[in-house]
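Scroll down for the structure; my scribbles are underneath it.
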Amino acid sequence: DSPEQTVTLSGSWRSDGAGTLRARVSRVFLDTFSKEQPARYGGVIDGEVTFTGTRNRPNVSAQFTISDGRIRELPYEKLTARIDYEGGAMAVDLRLDQAPGIWLTVAGRAPLHLLSKDAGQPMDLAVKSTPIALGLIEGLTDVVDNVTGTVLLDFNVIGTSRDPHFAGRVDIENAAFPQGQCAEASAL
């Protein structure tokens, strides 16, 4: 509804793999894409996605920033990411700044279907953070909501998607789930 919000497509994506298709978004509100009200994800996104290759072997390069974001009711300042996909694997460089001095990073390589038992593709991801709100997990699952507490992450995921190995640490402090969710949360 705002002239500041734009989505543009340019180029071509040819069956012989010779084309390049670009999609750009500028100042687009994430809430616009959700049928859920209130929307699970909010914020303003700016970015570009480039498609090359073929339908059977696509290559995708994306970089974007989400400002003034939120996952449900938990706000964050900014999420910046660069993701390159080629041959079934992703190179990821992501940083979430929840507030000044409170951040989470994920960097490395992983298969598209990260923990699929069907594929044995290699992975090597580094996950690090300062103490950050546990409520961020609400964006990843419908099993819990209104989670409180903090988590400090400093671990690597190596191996394959069929046989991942985790090395490092995860420290959780003052965690709480609303009454009645503890049984459901144990299924995580």
Side-chain angles (χ1 to χ4, degrees), residues 6-30 32-36 39-67 69 71 76 78-98 103-129 132 136-143 151 153-170 187-188:
T6 61
V7 177
T8 59
L9 290 173
S10 63
S12 64
W13 197 18
R14 297 172 31 165
S15 60
D16 65 2
T20 300
L21 180 64
R22 285 188 178 81
R24 289 187 180 106
V25 294
S26 179
R27 306 287 308 150
V28 174
F29 294 95
L30 288 177
T32 308
F33 298 105
S34 179
K35 292 180 183 177
E36 233 182 323
R40 178 180 290 198
Y41 306 104
V44 179
I45 187 168
D46 291 284
E48 181 175 327
V49 180
T50 303
F51 300 90
T52 60
T54 65
R55 182 187 316 186
N56 295 333
R57 295 195 53 85
N59 301 318
V60 181
S61 180
Q63 52 187 72
F64 61 89
T65 299
I66 299 172
S67 307
I71 298 173
Y76 62 88
K78 182 167 58 168
L79 170 67
T80 57
R82 175 165 181 102
I83 301 169
D84 294 302
Y85 170 80
E86 183 175 355
M90 300 181 296
V92 177
D93 188 2
L94 177 141
R95 180 179 171 110
L96 179 117
D97 289 292
Q98 184 178 8
W103 51 265
L104 164 78
T105 62
V106 178
R109 294 192 59 79
L112 181 61
H113 302 290
L114 188 59
L115 297 177
S116 168
K117 294 184 187 274
D118 297 333
Q121 296 184 11
M123 70 171 72
D124 186 0
L125 289 172
V127 180
K128 298 183 185 305
S129 77
I132 196 161
L136 292 172
I137 67 170
E138 294 178 26
L140 305 174
T141 180
D142 287 329
V143 176
V151 62
L153 305 168
D154 186 4
F155 65 90
N156 287 33
V157 184
I158 57 172
T160 66
S161 53
R162 185 178 297 140
D163 186 24
H165 298 273
F166 299 84
R169 64 186 260 202
V170 175
L188 291 174

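Numbers for residues simply follow the sequence, beginning at 1.
Every side chain to side chain donor-acceptor pair (under 3.5 Å) that Arg82 has, sequence neighbours left out, goes to Ser61, Gln63, Asp84. Annotation: salt bridge (Lys or Arg N to Asp or Glu O under 4.0 Å) contacts of Arg24 (sequence neighbours excluded): Glu48. Residues passing the side chain to side chain donor-acceptor pair (under 3.5 Å) test with Asn56, sequence neighbours excluded: none.
Closest of all the heavy-atom pairs between Thr54 and Ser15 is CG2-O, 3.5 Å. When all heavy atoms of Ile66 and Gly42 are compared, the pair lying nearest together is CG2-O, 4.2 Å. Between Arg109 and Ala91, the closest heavy-atom pair is NH1-CB, 3.6 Å. Scanning all heavy atoms of the two residues, the minimum distance from Gln121 to Pro111 falls at OE1-CB, 3.3 Å. Across all their heavy atoms, Met123 and Ala110 have their closest contact at CB-CA, 4.0 Å.
With rounding to the nearest 0.5 angstrom, the CG atom of Leu9 is 8.5 Å from the CZ atom of Phe51. The CZ atom of Arg27 lies 6.0 Å from the CG atom of Asp46; values are rounded to the nearest 0.5 Å. Here CZ of Phe64 is found 5.5 Å from CD1 of Ile45. Values are rounded to the nearest 0.5 Å. Atom CD1 of Ile83 is separated from atom CG of Leu94 by 6.5 Å, given to the nearest 0.5 angstrom. In this structure, the separation between OH on Tyr76 and CD1 on Ile71 is 6.0 Å, given to the nearest 0.5 Å. To the nearest 0.5 Å, atom CG of residue Asn59 and atom OG1 of residue Thr50 are 11.0 Å apart.
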Between Leu96 and Thr105, is the side chain to side chain contact (heavy atoms under 4.5 Å, CB included) condition met? List the steps. CA-CA 6 Å; Leu96 179 117; Thr105 62; over 6 Å; no
Check against side chain to side chain contact (heavy atoms under 4.5 Å, CB included), Leu125 and Asn156: CA-CA 5 Å; Leu125 289 172; Asn156 287 33; over 6 Å; no
Verify salt bridge (charged side-chain N to carboxylate O under 4.0 Å, His left out) between Lys128 and Asp154, making sure each step is shown before the conclusion. CA-CA 4 Å; Lys128 298 183 185 305; Asp154 186 4; 2.9 Å; yes
Report the C-alpha separation of Thr6 and Val28 in whole Å, then their side-chain angles, then the decisive distance to 0.1 Å, and conclude whether the side chain to side chain contact (heavy atoms under 4.5 Å, CB included) test is met. CA-CA 7 Å; Thr6 61; Val28 174; 5.9 Å; no
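Atom NZ of Lys78 has 12 or fewer neighbouring heavy atoms from other residues, nucleotides or ligands inside a 6.0 Å radius.
Checking side-chain atoms of Ser34 against main-chain N and O of Glu36 turns up a donor-acceptor pair under 3.5 Å. Formation of a donor-acceptor pair under 3.5 Å by the Asp16 side chain with backbone atoms of Ala18 is found in this model. Although no hydrogens or angles enter the test, the distance criterion places no donor-acceptor pair under 3.5 Å between the side chain of Trp13 and the main chain of Arg55.
Side-chain contact between Arg95 and Leu79 is absent, with no heavy atoms from C-beta onward closer than 4.5 Å.
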